[in-house]
Amino acid sequence: MKNIPDFSKAKETYRNSAFVQNKMAKTLCEICAKHFGLNYGKIFEIGSGTGLLTDNIVKNFNFCELILNDLTENFTGYNYSFLKGDASVLQLPKNCDLIISGACFQWICNVESFFTKLKKSLNEKGILAFSSFGKDNFYEFKSVENLGLDYCNYAEILSRCGYSIVEYEREKVTLYFKTPKDILRHISSTGAVIPSDKHWSKTSLKSFEKKYIELFGDEKGVTLTYNPLYILATVK
């Protein structure tokens, strides 16, 4: 994976702060249900974190087996089978009916290789369902300091890897905060970071705040934009 933040540091604050990710978890399960119903044999969740998506899987789906995975410990509160480590290098479960992941794949280094690997874990009619983020995610930071991740064209990569896309949805969610510092606190409370080689000093931070307010401030405060993506695919 890329230089992924240690999300375990935010395990106490994540659920109260990650309201966009919570909405994404609900939406992803709704899209799955719309196309494939509620019944699955084996489900494998990648990047289970504190269990926002796990909650929705358990609440909405009927399944015979659920296997959870995360880089660190199992913080979901559930006692299902747990596979600890980086899914891009681990030996993964076989014959999965559904591989599902919420707001995780943007941290994968070689997405094409990863999707090819996941195909081997899916059964003949298996489903890959995941949410991630598009190029406009946190675009304010790109505009102010050219900071942030470079997001993939998942549809194109999936097609090259031998998947058929069943649904691909995109949306934008704009949040308002009083100050840029409040935005930084919000991001920190979700465990995320804005990737950067920049060394922040008091002067550079003040300059960042000033420019951020000039570009993205109004009478409501300052904005932070999320750009969620939802993708369902099956093996061709």
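- For the 3.5 Å distance criterion, the side chains of S201 and S204 qualify, holding a donor opposite an acceptor.
- A 4.5 Å side-chain heavy-atom check between C161 and I157 finds at least one atom pair inside the cut-off.
- In this structure, the side chains of K220 and K178 stay at 4.5 Å or more apart for every pair of heavy atoms.
- Going from atom OG of S164 over to atom CG of L158 covers 10.0 Å, rounded to the nearest 0.5 Å.
- Taking 4.5 Å as the limit, some side-chain heavy atom of F36 sits within range of a side-chain heavy atom of L232.
- F141 and Y212 have perpendicular rings, their planes meeting at more than 60° on a 0 to 90° scale where under 30° would count as parallel.
- I165 and Y154 fall within the same hydrophobic cluster, defined by Ile, Leu, Val, Met, Phe, Trp and Tyr side-chain heavy atoms under 4.5 Å apart, directly or through other members.
- Surrounding CZ of R160 are more than 12 heavy atoms belonging to other residues, nucleotides or ligands, all under 6.0 Å away.
- Side-chain contact check for E45 and S101: no donor-acceptor pair (N or O, by modelled atom type) lies under 3.5 Å.
- Results of the ring-ring contact (aromatic ring centres under 6.0 Å, His included) test with F105 over Y151, F114, F133 single out F114 as the only residue that passes.
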Could you please spell out the steps behind the side chain to side chain contact (heavy atoms under 4.5 Å, CB included) verdict for T225 and N137? CA-CA 6 Å; T225 301; N137 200 62; over 6 Å; no
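- Although no hydrogens or angles enter the test, the distance criterion places no donor-acceptor pair under 3.5 Å between the side chain of K42 and the main chain of I99.
- Within a 6.0 Å sphere centred on CG of D218, heavy atoms belonging to other residues, nucleotides or ligands number more than 12.
- The existence of a salt bridge linking K84 and D70 is excluded, since no basic side-chain nitrogen approaches an acidic carboxylate oxygen closer than 4.0 Å.
- Comment: E30 does not engage K26 in a salt bridge, judged by the lack of any side-chain N to carboxylate O separation of less than 4.0 angstrom.
- In this structure, the side chains of L175 and F19 come closer than 4.5 Å at one or more pairs of heavy atoms.
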CA sep, side-chain torsions, deciding dist, call: Y40, F63, ring-ring contact (aromatic ring centres under 6.0 Å, His included): CA-CA 5 Å; Y40 303 90; F63 51 84; 8.9 Å; no
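- Between Y226 and F138, a ring centre-to-centre spacing shorter than 6.0 Å is recorded.
- A distance-only check finds a donor-acceptor pair linking the side chain of T27 to the backbone of K23 [under 3.5 Å].
- Both L215 and F177 belong to a single network of hydrophobic side chains, linked directly or stepwise wherever heavy atoms of I, L, V, M, F, W or Y lie under 4.5 Å apart.
- A donor-acceptor pair is defined here as one N or O able to donate and one able to accept, closer than 3.5 Å; no such pair exists between the side chain of D97 and the backbone of I127.
- A donor-acceptor pair under 3.5 Å is formed between the side chain of N227 and the backbone N or O of D136.
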Side chain to side chain contact (heavy atoms under 4.5 Å, CB included) for I43 and I100? Distances and angles first, verdict last. CA-CA 7 Å; I43 299 176; I100 190 167; 4.0 Å; yes
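- Heavy atoms of other residues, nucleotides or ligands lying less than 6.0 angstrom from CD of Q91 number 12 at most.
- Atom CG in N22 sits 5.0 Å away from atom CG in L52 (nearest 0.5 Å).
- Checked against the 6.0 Å centroid criterion, the rings of F216 and Y139 qualify as a close aromatic pair.
- Surrounding NZ of K181 are at most 12 heavy atoms belonging to other residues, nucleotides or ligands under 6.0 Å away.
- No hydrogens or angles considered: a donor-acceptor pair under 3.5 Å links the side chains of T223 and E140.
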Checking F44 against N69 for the side chain to side chain contact (heavy atoms under 4.5 Å, CB included) test, could you report, in this order, the C-alpha distance in whole Å, the side-chain angles of both residues, the deciding distance, and whether it holds? CA-CA 8 Å; F44 177 43; N69 156 259; 3.6 Å; yes
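- Interatomic distance, D55 CG to C29 SG, rounded to the nearest 0.5 Å: 10.0 Å.
- Here the side chains of M24 and V20 are in contact, with some heavy-atom distance below 4.5 Å.
- Atom CD1 of residue I108 and atom CZ of residue F115 lie 8.5 Å apart, to the nearest 0.5 angstrom.
- A side-chain donor-acceptor contact under 3.5 Å links T116 to the backbone of E112.
- Annotation for K59: atom NZ does not count as buried by contact number, only 12 or fewer foreign heavy atoms lying within 6.0 Å.
- In terms of modelled atom types and a separation under 3.5 Å, the side chain of N74 and the main chain of Y78 share a donor-acceptor contact.
- A donor-acceptor contact shorter than 3.5 Å is absent between the side chain of N95 and the backbone of N123.
- Looking at S189, its side chain does come within 3.5 Å of a backbone N or O of H186 through a donor-acceptor pair.
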How far apart are the C-alpha atoms of L229 and S131, what are their side-chain angles, what is the distance that settles it, and do they pass the side chain to side chain contact (heavy atoms under 4.5 Å, CB included) test? CA-CA 5 Å; L229 307 177; S131 64; over 6 Å; no
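- From L53, atom CG reaches atom OG1 of T76 across 11.0 Å, with rounding to the nearest 0.5 Å.
- Judged purely by atom type and a 3.5 angstrom limit, E145 has no side-chain atom pairing as donor or acceptor with the backbone of K142.
- Side-chain contact, N62 with N39: a donor N or O sits under 3.5 Å from an acceptor N or O.
- Classification of E167 and K34 as a salt-bridged pair holds, one side-chain N sitting under 4.0 Å from a carboxylate O.
- Under a hydrophobic-cluster definition in which Ile, Leu, Val, Met, Phe, Trp and Tyr are linked whenever side-chain heavy atoms come within less than 4.5 Å, directly or via other members, Y176 and I183 are assigned to different clusters.
- Ring pair F130/Y230: centre-to-centre distance not below 6.0 Å.
- Once rounded to the nearest 0.5 Å, the distance linking NZ of K117 with CG of L122 reads 13.0 Å.
- Listed for the D182 side chain is a donor-acceptor partner under 3.5 Å among the backbone atoms of T179.
- Side-chain contact check for V235 versus L128: every heavy-atom pair is 4.5 Å or farther apart.
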